[in-house]
Amino acid sequence: MLPFLTDQWGNPSSIYSFGNEVARRLEDARTKVAALINADPSEVVFTSCGTESNNAALNSALMTNPGKRRVITTAVEHSSNIKFCELLRKRDYDVTFLPVEPDGSIDLHLLDKSITRDTGIVSVMYANNETGVIFPIEEVASICRSHGLLCHTDAVQAAGKLKIDVQSLGVSFLSLSAHKFHAPKGIGLLYVNRRARFQPYVVGGRQEKDRRGGTENVPYIIGMGRAAELALESLPEERTRVRSLRDRLEDGILKTIANTSRNGAKEERLPNTTNIAFDGVEAEAILMLLDQLDICASSGSACKSGSLDPSHVLAAMGVPLARSRGSIRFSLGIYNTDADVDYLLEHLPPVIAKLRRASPAKDLKSAPNTSAIRARPGAHKPGPAKPMAV
Ligand code: PLP
């Protein structure tokens with residue numbers, strides 16, 4: 001990225017050769033991110049983030065089909081989708097938020113039944129950002145095709161963790177956000193199938209072949225291109241090493257700390273995510289104590305941190321409010337090590353025990369081995385927080 005912040009600052013849309021060279025490098029980056037999802041480079045539209053991509057997909061579907069005034073989506077989408085749909089309702093569109101099962105999955109039969117003649121688009125996320133639960137997008141897209149309907153998927157959490165192939169998925173639109181695969185924050189893309197009609201959401205200049213106005217964020221696009229290449233290379237590691245770290249972390253927590261449970265399906269899940277409920281404690285309190293130990297985790301999505309609203313995802317899964325308030329998402333990545341998992345497994349039980357002692361729900365039974373786990377002197381102490389996909 002650095003040369004594009006220093007020497008190569010030409011505008012890719014300009015006529016002079018200084019800008020042309022930058023345009024050439026921008027197209028290289030487009031080819032690289034297209035490869036991450038097996039798209040044709042011409043189907044990639046650069047955006048500012050996953051939120052914009054999600055908004056743009058729904059907007060385009062409704063603008064290009066003015067007679068269709070319904071959107072079908074799920075109750076567990078990211079707030080960028082949910083809030084956009086709530087806005088649509090205020091503009092007299094109909095929105096169906098499909099419920100989910102207790103394990104976070106959707107009922108495809110119900111999706112099929114919910115499609116009406118006035119439906120403009122179906123939008124179902126590829127994988128949930130709080131639980132990691134993966135949705136059957138190929139089947140969702142096939143149901144949409146059988147109704148002649150556009151289909152969008154928010155694949156923000158799946159990129160770099162799962163192999164994404166837009167050809168076999170058969171979706172019309174797919175959103176990505178670059179920081180989920182270790183590129184900088186504030187850059188994303190929307191895949192637009194070449195056969196789908198598209199109307200831009202951000203209008204202005206003729207950039208991105210008239211599909212997104214505004215001068216391109218060249219250094220960040222270059223960064224996203226390189227990150228996409230690296231993400232493709234590290235996919236096997238995500239599937240194997242990261243998954244086994246996550247499983248060891250999850251099993252360790254569930255075995256050593258009483259009154260804990262996993263939220264969401266065990267199998268159909270991203271390899272890096274686990275969401276665990278700690279009964280009788282507040283997630284925010286756990287996070288604060290973990291932060292003092294240099295352990296970064298989250299309750300719900302990062303976009304909601306600071307708000308004490310219960311997770312809409314866990315609520316849709318029927319998780320009782322008290323359990324949802326004590327739920328934490330741990331997400332791992334290729335920069336995590338076995339030592340990180342050991343460190344967490346060593347320090348988490350005393351944190352939970354301490355909070356439970358202080359909380360009113362003292363009648364919860366402690367795990368027999370909880371009090372036996374203490375911080376060893378000289379135990380692995382991580383350095384500065386490591387980059388993780390969040
Ligand atoms: N969709 C999902 C599933 C996400 O997890 C996020 C961000 O965490 C977004 C969309 C929004 O992406 P961005 O923050 O790049 O707008």
Side-chain angles (χ1 to χ4, degrees), residues 33 36-37 44-59 71 73-87 97-98 100 104-106 123-135 137 140 152-162 164 169 171 173-191 201-202 212 214 217 220-221 223-224 227-228 231 263-264 268-275 296-307 309 311-314 316-317 328-333 387-390:
V33 292
L36 183 64
I37 54 174
V44 168
V45 178
F46 291 122
T47 64
S48 65
C49 57
T51 299
E52 183 192 322
S53 303
N54 284 347
N55 292 183
L58 298 194
N59 177 70
V71 174
T73 186
T74 78
V76 295
E77 297 296 311
H78 184 262
S79 52
S80 51
N81 235 8
I82 302 246
K83 292 253 177 76
F84 193 78
C85 287
E86 285 169 356
L87 200 69
F97 290 105
L98 293 172
V100 293
S105 61
I106 52 163
S123 176
V124 175
M125 69 198 324
Y126 201 122
N128 186 266
N129 45 307
E130 294 189 28
T131 58
V133 169
I134 298 171
F135 294 92
I137 299 304
V140 170
H152 164 248
T153 187
D154 169 354
V156 164
Q157 287 290 333
K161 318 278 180 336
L162 304 175
I164 301 177
L169 283 178
V171 291
F173 307 115
L174 177 143
S175 306
L176 291 193
S177 175
H179 68 278
K180 307 298 176 180
F181 51 98
H182 305 294
K185 289 164 282 294
I187 187 80
L189 72 81
L190 180 66
Y191 156 81
Y201 183 56
V202 177
R212 201 266 185 187
N217 186 348
Y220 278 46
I221 290 173
M224 174 155 67
N263 292 313
E268 292 305 307
R269 202 163 35 131
L270 293 176
N272 74 320
T273 308
T274 175
N275 188 310
C296 310
S298 68
S299 59
S301 104
C303 314
K304 278 210 173 158
S305 51
S307 108
D309 291 346
S311 152
H312 70 284
V313 174
L314 299 184
M317 289 160 60
I328 301 276
R329 178 190 67 171
F330 298 97
S331 23
L332 294 99
M388 287 193 209
V390 291

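Numbering of ligands and ligand atoms starts at 1, following listing order. From a predicted model like this one, the values you see are computed outputs, not experimental measurements.
Atoms of ligand 1 found under 4.0 Å from any heavy atom of Met125 (numbered from 1 in listed order, with element): 3 (C). Counting the atoms of ligand 1 from 1 in the order shown, those under 4.0 Å from a heavy atom of His179 are 14 (O), 15 (O). Interface of Cys49 with ligand 1, defined as ligand atoms under 4.0 Å from a residue heavy atom, comprises 13 (P), 15 (O), 16 (O).
By the side chain to side chain contact (heavy atoms under 4.5 Å, CB included) test, Ser177 pairs with Val156, His179, Lys180, sequence neighbours left out. With sequence neighbours excluded, the residues satisfying side chain to side chain donor-acceptor pair (under 3.5 Å) with Ser80 are Asn54, His78.
Contact check for Thr47 versus Tyr201: no side-chain heavy atoms found under the 4.5 Å cut-off. Using a 4.5 Å heavy-atom cutoff, the side chains of Asn263 and Val313 are not in contact. Between Ile164 and Leu176 there is a side-chain heavy-atom pair separated by less than 4.5 Å.
Here's the thing with Thr51: one of its N/O atoms is less than 3.5 angstrom from an N/O atom of ligand 1. In terms of N/O distances under 3.5 Å, ligand 1 is approached by Gly50.
The closest approach between a heavy atom of Ser80 and any atom of ligand 1 is below 4.0 Å. Ligand 1 has at least one atom lying under 4.0 Å from a heavy atom of Lys180.
The closest donor-acceptor contact from the side chain of Arg212 to the backbone of Leu189 lies at 3.5 Å or more, if one exists at all.
The residue among Asp154, Thr47, Leu176 with a heavy atom at the shortest distance from atom 1 (N) of ligand 1 is Asp154.
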